[in-house]
Student: 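Sharing a structure with you now.
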Amino acid sequence: MSDQKLPPRSKDFSEWYNELVIRSELADYAPVRGCMIVRPYGWALWENIQQSLDRRFKATGHVNAAFPLLIPRSFIDKERSHVEGFSPELAVVTHGGGEELEEPLVIRPTSETIIGYAYSKWIQSYRDLPVLINQWNSVMRWEMRTKLFLRTTEFFWQEGHTAHATLKEADIETRQMLDIYQDFAVNDAAVPVIPGLKSEQERFAGADQTFSIEAMMGDGKALQSGTSHNLGQNFAKAFDIRYLDQNGELQYCWTTSWGLSTRFIGAIIMVHGDDQGLILPPRLAPHQAVIVPIFKTDEERTKVMLAARKIRSELVSSDFRVVLDEREGVSPGFKFNDWEMRGVPLRIEIGPKDIAKETVVLARRDIPGREGKSFVPQAGLPDSVRQALNSIQGALYERALKFREDNTTAPENYAAFKGAVEKGFAYSFWCGSAQCEKSIKEETKATLRCIPLDQTGDKGACIYCGKPAEEKAYFAKAY
RNA sequence: CGGGGCGUGGCGCAGUCUGGUAGCGCGCCUGCUUUGGGAGCAGGAAGUCCCCGGUUCAAAUCCGGGCGCCCCGACCA
């Protein structure tokens, strides 16, 4: 903690982000380059994200399991584009027990290969399908440039891996999981996202199709916030995942994989945060409300603390995540600022004046200053808190959506396109050529984020080459 | 891996040019006064000056060589 202000978000977004992550105690730097220590406050947020997603996975028939951290090097080599995609970023274990290993082991950069190995053993008949397994773990990719949560060498995530009898089923699964990510992002994280298909360039190494949800950060840049891959039969062929169908014929399975990582915490920070610090969506916030007691004399203190504790237990019984700030020696004003920096969505102030009137002050994190404050009776507080939190949850989403809309344009021509991607998203016709995509990237630094699923069916001219185009895509600078 | 910046109590920095008692702010500890928007005063603890070597009576400071971190670019969830 420090009594200095954060660097203003508007002035230096990157610096604001770095300092905020440290100061809010979400995470800290580790002794190994690119790795991060997730501190209890950050982990609590991650746990809420986990529960939120896990509930949805279970509701759609998935089960959790754990696969090993170490993978034989040769496994990675079995799928051609997978090798090409991951080789440069592998961490390799060459020694164990004081001796050089016969075959080097890689620390998993993702688990398609080892899961392919297992599935080939487990699946024999169409009766064994589908297999719907998820695992919560961490993986390691040797990144050149890292940033806490957004891109770390080791990151935490979930990776779902499924196997199906038909392409159709795999396709349904891939899209279903994308929907689940969108539902989570919108309804729990209050982060508006664009679901869409990745271009060939941006596709996962080893996938036939990659879908993603793309979100706009507070500086107008895009963040890929969750991905779902249709792996076709690529891994089934590489690892011999086959089943005997109803006609007694041997068939390769169709597999999928999908993941969402601690990167999403970065999205929450960058979508909702302001100059004061974090603003956490009520559904995911470790503390949904903080009670700050205010008093001068010992007599006041006794009364206020009694009331504050009563309020706390009432709210806890109503299933709110609430914390009472009993710290001594720091002023209420300090506590206000401290909890605002840490993004607690609702503050409940209670002092002698409130005791006399049997009220409390509710202060909304999303509306700074006096305007965000209201006096409410202590009686029926759980209902007032519920209402306030719901309202904040909704307001955060609306604000983020408006920001995205205000910073998304459909440029008329390439000159306007160049300007558009400096500020936010450009939504333009694209002819489908990888060459146009590459040229755009070279000239503007913007990449094709996704081809949204809800195409209007209109036709137009490619923003780059002017040739006939049937699809519109989002382009933006990205994290 | 290229370009830029930086390594000095926990954090942020000054001191380096021009070698000579290691300093400031914040935080931390103790006490008193405070407490409705980042409290005040007094006292106190805390530093291999990134590492190794060299020059010198003397190095945070000069010289040589390493290492690490941050920012900007090429690769990526």
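So you know, we letter chains A, B, ... as the sequences are listed, proteins then strands, and number each from 1.
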Student: Scan for side chain to side chain donor-acceptor pair (under 3.5 Å) pairs involving residues 274-296 of chain A, sequence neighbours excluded, and state none if there are none.
Tutor: D274(A)-R365(A)
Student: Please name all residues satisfying ring pair (Phe, Tyr, Trp, His ring centres under 6.0 Å) with Y397(A), sequence neighbours left out, ordered by chain then number.
Tutor: none
Student: Restricting to ring pair (Phe, Tyr, Trp, His ring centres under 6.0 Å), what partner residues turn up for F295(A), sequence neighbours left out?
Tutor: none
Student: Using a 4.0 Å cut-off on heavy atoms, which residues in residues 275-288 of chain A reach RNA chain B? List them by number, or say none.
Tutor: none
Student: With sequence neighbours left out, write down each residue that passes ring pair (Phe, Tyr, Trp, His ring centres under 6.0 Å) with F375(A), or none if nothing qualifies.
Tutor: none
Student: Test of understanding: with ring pair (Phe, Tyr, Trp, His ring centres under 6.0 Å), list the residues that count as partners of F57(A), not counting sequence neighbours.
Tutor: W258(A)
Student: Listed by chain and number, what are the side-chain contact (heavy atoms from CB on, under 4.5 Å) partners of P452(A), not counting sequence neighbours?
Tutor: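 For P452(A), the residues satisfying side-chain contact (heavy atoms from CB on, under 4.5 Å) (neighbours in sequence not counted) are I194(A), Y427(A), D454(A), Q455(A), Y474(A).
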Student: So which one's nearest nucleotide on RNA chain B is more toward 5', N18(A) or S225(A)?
Tutor: N18(A)
Student: Scan residues 344-354 of chain A against RNA chain B and write down, sorted by residue number, each residue with any heavy atom closer than 4.0 Å; if none is found, say none.
Tutor: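 Contacts with RNA chain B under 4.0 Å: R347(A), E349(A), G351(A), P352(A), K353(A), D354(A).
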Student: To the side chain of S331(A), which of rA74(B), rG38(B), rC72(B) is closest?
Tutor: rG38(B)
Student: I367(A): what forms a side-chain contact (heavy atoms from CB on, under 4.5 Å) with it, not counting sequence neighbours?
Tutor: R364(A), E371(A)
Student: Test the R108(A)-F67(A) pair against the cation-pi criterion, namely NZ or CZ under 6.0 angstrom from the six-membered ring centroid and within 45° of the ring axis.
Tutor: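 Cation-pi check for R108(A) and F67(A): fails.
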Student: With the threshold set at under 4.0 Å for non-hydrogen atoms, list the residues of residues 357-382 of chain A touching RNA chain B in residue-number order.
Tutor: V361(A), K373(A)
Student: Give me each pair satisfying side chain to side chain donor-acceptor pair (under 3.5 Å) with a member in residues 175-184 of chain A, each pair once, sequence neighbours excluded.
Tutor: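 Sorted pair list: R56(A)-D183(A), Q158(A)-Y181(A), D171(A)-R175(A), E173(A)-Q176(A), D183(A)-N187(A).
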Student: Looking at R145(A), does any N or O in its side chain come under 4.0 Å of the phosphate oxygens OP1/OP2 on rG73(B)?
Tutor: yes
Student: Sort and list the pairs that fulfil side chain to side chain donor-acceptor pair (under 3.5 Å) and have at least one residue in residues 72-81 of chain A, not counting sequence neighbours.
Tutor: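 Pairs touching residues 72-81 of chain A that pass the test: R73(A)-D77(A), R73(A)-S87(A), S74(A)-E103(A), E79(A)-S81(A).
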